[in-house]
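Comments concern the structure below.
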Amino acid sequence: FVACPRPSSGSPSLAHTRPHWRRVSQSAHTRAAAMVQTRAATKTAQQHKIHYEFGGPIGALGIIVGLPAVCYGLVVFCNANGCIRLNALEVPTLPEGMVLFSWEACAVFLGWIAFTTALHLILPGIRKEGIQLPDKSRLTYKLNGMRVLVVTLAVVGAGVHSGGLDLAWVHTNFLALLTAGVAFAYGLSLCLYLGSFVGSSKVLAKGGDSGNPVYDFFIGRELNPRIGLLDLKVFCELTPGLIGWVLLNLGFAQRQYQLTGAVSPAMGLVCAFQALYVVDALWFEPAILTTMDVTTDGFGFMLAFGDLVWVPFTYSLQARYILEHPKALGAWYLTLILAIKVSGYVVFRGSNLEKNWFRNDPADPRVKHLRYLPTARGTKLLISGWWGVARHINYLGDWLMAWAWCLPCGLDHTVPFFYVIYFGILLVHRDLRDGEACKEKYGADWDKYTKIVPYRLIPYLY
């Protein structure tokens, strides 16, 4: 089975939640052969018109500058002193004691990166081969994100229980931690860009070898940068950012407990929902190897910033908001939120499992009844089951879960709904991007497919 959308890794990174962090399937071999090339092949390709995404170099520059500004804006415009009100244009001041920069926060952030890197290298993990590269080789990946998460939670839990670790520290130092993360992402991206010119056997991403420094810095020039056996892209995609997001949420929950003597139902739901999202991503970790992030995109600012900064520091907005703006929620409201979350997860995980089962073995009893459209490429496009409802039905499940993250914040302010608004726009953009790629790949067969499955994301609406 090959469908143009790639299976979700569960990671909501910027590029594919872009990306959760962070997700639709495509034949890994075919996609890589079409989108990735060695340096020699790139020189030939540059004779043709370059196809830019994200608005080209100007758009890339805007994103490079704009994304950190959004991260800071979410803190400046909504914090413990209040949230901005557009009708009155009232901007709250920063809480006392919250600083923009500190060496302590830099040390903590760097220590966190070093800690997760060490765990990744030391702990055992499964070895999984990736897709075939243009030189006919395959990279082997070590996957142990779930083990890193379990050990991290055990270490942090022991530290908090013994009194040696105050996880609530992350709240007062949130802005300084953000600054440390932004600086690290810029530095890493520069190293990745410059490193892509070192050596003669680098495999470059076609989209990241345009020759424009700004665009290539943003989109990522080298496909699979590695330090020894450490694959930098896959490691950053699923380990420090996702697990760091969970720890930020737990820090906010601990601070709430210190202030009130309890963790509110709203805080509990947000922490539980988002932790489930991370656990799901790490449990199905091998799926990341067939996503666009790994098979196609280079590793540059887009993924580095998205993985290490955007995911932990913007996705934790709801837990921070609930800490700073507590609100009692009725039982019926909490029940509604839980129902939305369960519905979204059933659609999201059910559709991705169905696709993976069919791709791995169309004769699998769980999916052998599904109908499909044969294509001239010799592949099959699912047209029944979850995938007969909408072309990106898993996106709908993902978006429903986004609502379940935001609704516990109540309805007093728009800011805590930033994620569901941003994510909805992003999913539409991703659908359009994938549709364009599928049309190029399947030609007339894609036209037939879209007539059979007319809805993109939301049945009967879009």
Side-chain angles (χ1 to χ4, degrees), residues 5-14 16-25 242 245-246 249 265-281 283-284 287 291 311 314-319 321-322 329-356 382 385-411 414-432 434 453-462:
R6 287 162 295 282
S8 169
S9 68
S11 169
S13 72
L14 175 64
H16 59 318
T17 65
R18 223 185 115 54
H20 304 257
W21 119 322
R22 229 96 163 195
R23 287 185 195 226
V24 213
S25 144
L242 284 181
W245 170 24
V246 173
N249 283 353
M267 178 69 81
L269 283 181
V270 167
C271 288
F273 289 166
Q274 296 185 348
L276 173 63
Y277 197 85
V278 172
V279 168
D280 180 88
W283 185 263
F284 294 99
T291 61
V311 167
T314 67
Y315 288 19
S316 59
L317 170 62
Q318 289 75 37
Y321 178 88
I322 291 170
L329 303 177
W332 68 270
Y333 189 76
L334 294 172
T335 302
L336 174 63
I337 294 171
L338 185 60
I340 293 173
K341 171 63 180 182
V342 171
S343 299
Y345 186 76
V346 168
V347 174
F348 172 75
R349 182 44 57 200
S351 58
N352 280 308
L353 283 176
E354 182 181 79
K355 183 179 1 181
N356 288 338
L382 278 173
W386 284 112
W387 299 95
V389 177
R391 298 174 216 165
H392 289 120
I393 189 64
N394 55 339
Y395 289 2
L396 175 61
D398 221 346
W399 197 50
L400 287 174
M401 289 192 289
W403 279 99
W405 296 359
C406 298
L407 286 172
C409 297
L411 305 174
T414 305
V415 175
F417 286 84
F418 165 80
Y419 176 73
V420 76
I421 296 170
Y422 138 80
F423 197 43
I425 295 172
L426 197 61
L427 289 177
V428 171
H429 173 265
R430 194 195 315 169
D431 168 75
L432 295 174
D434 286 338
V453 185
Y455 301 107
R456 294 173 176 265
L457 299 175
I458 305 175
Y460 305 105
L461 292 179
Y462 177 73

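Smallest separation of non-hydrogen atoms from W403 and I340: CB-CG2, 4.4 Å. The two residues G388 and V453 make their nearest non-hydrogen contact at O-CG1, 4.0 Å. When all heavy atoms are compared, the tightest approach of Y321 to C409 is CE2-O, 3.3 Å. What you find for D431 and Y395 is that their closest heavy atoms are N-CE2, 4.3 Å. Residue V389 comes nearest to P459 through the heavy atom pair CG1-CG, 3.3 Å, listed as atom of the first residue, atom of the second, then distance. Between L242 and A281, the closest heavy-atom pair is CD1-CB, 4.1 Å.
At distances below 3.5 Å, not a single donor-acceptor pair connects side-chain atoms of W387 with backbone N or O atoms of I393. Within the 3.5 Å criterion, the main-chain N or O of P454 finds a donor-acceptor partner in the side chain of R391.
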Can you give me every donor-acceptor pair (side chain of residues 330-338, partner residue at least two apart or in another chain, under 3.5 Å) with its distance?
residue: Y333; atom: OH; partner: L407; partner atom: O; Å: 2.7
residue: T335; atom: OG1; partner: A331; partner atom: O; Å: 2.8

Name the atoms and distances for all side-chain donor-acceptor pairs under 3.5 Å in residues 266-275, with sequence neighbours left out.
residue: Q274; atom: OE1; partner: W245; partner atom: NE1; Å: 2.9
residue: Q274; atom: OE1; partner: N249; partner atom: ND2; Å: 2.6
residue: Q274; atom: NE2; partner: Y315; partner atom: O; Å: 3.3
residue: Q274; atom: NE2; partner: Q318; partner atom: OE1; Å: 3.3

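For W386, there are no ring-ring contact (aromatic ring centres under 6.0 Å, His included) partners two or more places apart in sequence or in a different chain. Every side-chain hydrogen bond (donor to acceptor under 3.5 Å, both in side chains) that Y345 has, sequence neighbours left out, goes to D280. Listed by chain and residue number, L74, C78, I84, L317 satisfy the side chain to side chain contact (heavy atoms under 4.5 Å, CB included) test with V415 (two or more places apart in sequence, or in another chain).
Rounding to the nearest 0.5 angstrom, the gap separating the CG atom in D434 from the NE2 atom in H392 is 4.5 Å. In this structure, CG on L276 lies 9.5 Å from CZ on R349, to the nearest 0.5 angstrom. Rounding to the nearest 0.5 Å gives a distance of 6.0 Å between OG1 of T314 and CZ of F418. Taken to the nearest 0.5 Å, the OH atom of Y419 stands 12.5 Å off from the OG atom of S316. A distance of 8.0 Å separates OH of Y277 from NZ of K341, quoted to the nearest 0.5 Å.
A heavy-atom distance below 4.5 Å is found between the side chains of Y462 and V428. At a threshold of 4.5 Å between non-hydrogen side-chain atoms, the residues K355 and N394 count as touching. Contact of the L432 side chain with the R456 side chain is registered, since non-hydrogen atoms from C-beta on lie closer than 4.5 Å. At least one side-chain heavy atom of L353 sits less than 4.5 Å from a side-chain heavy atom of F284.
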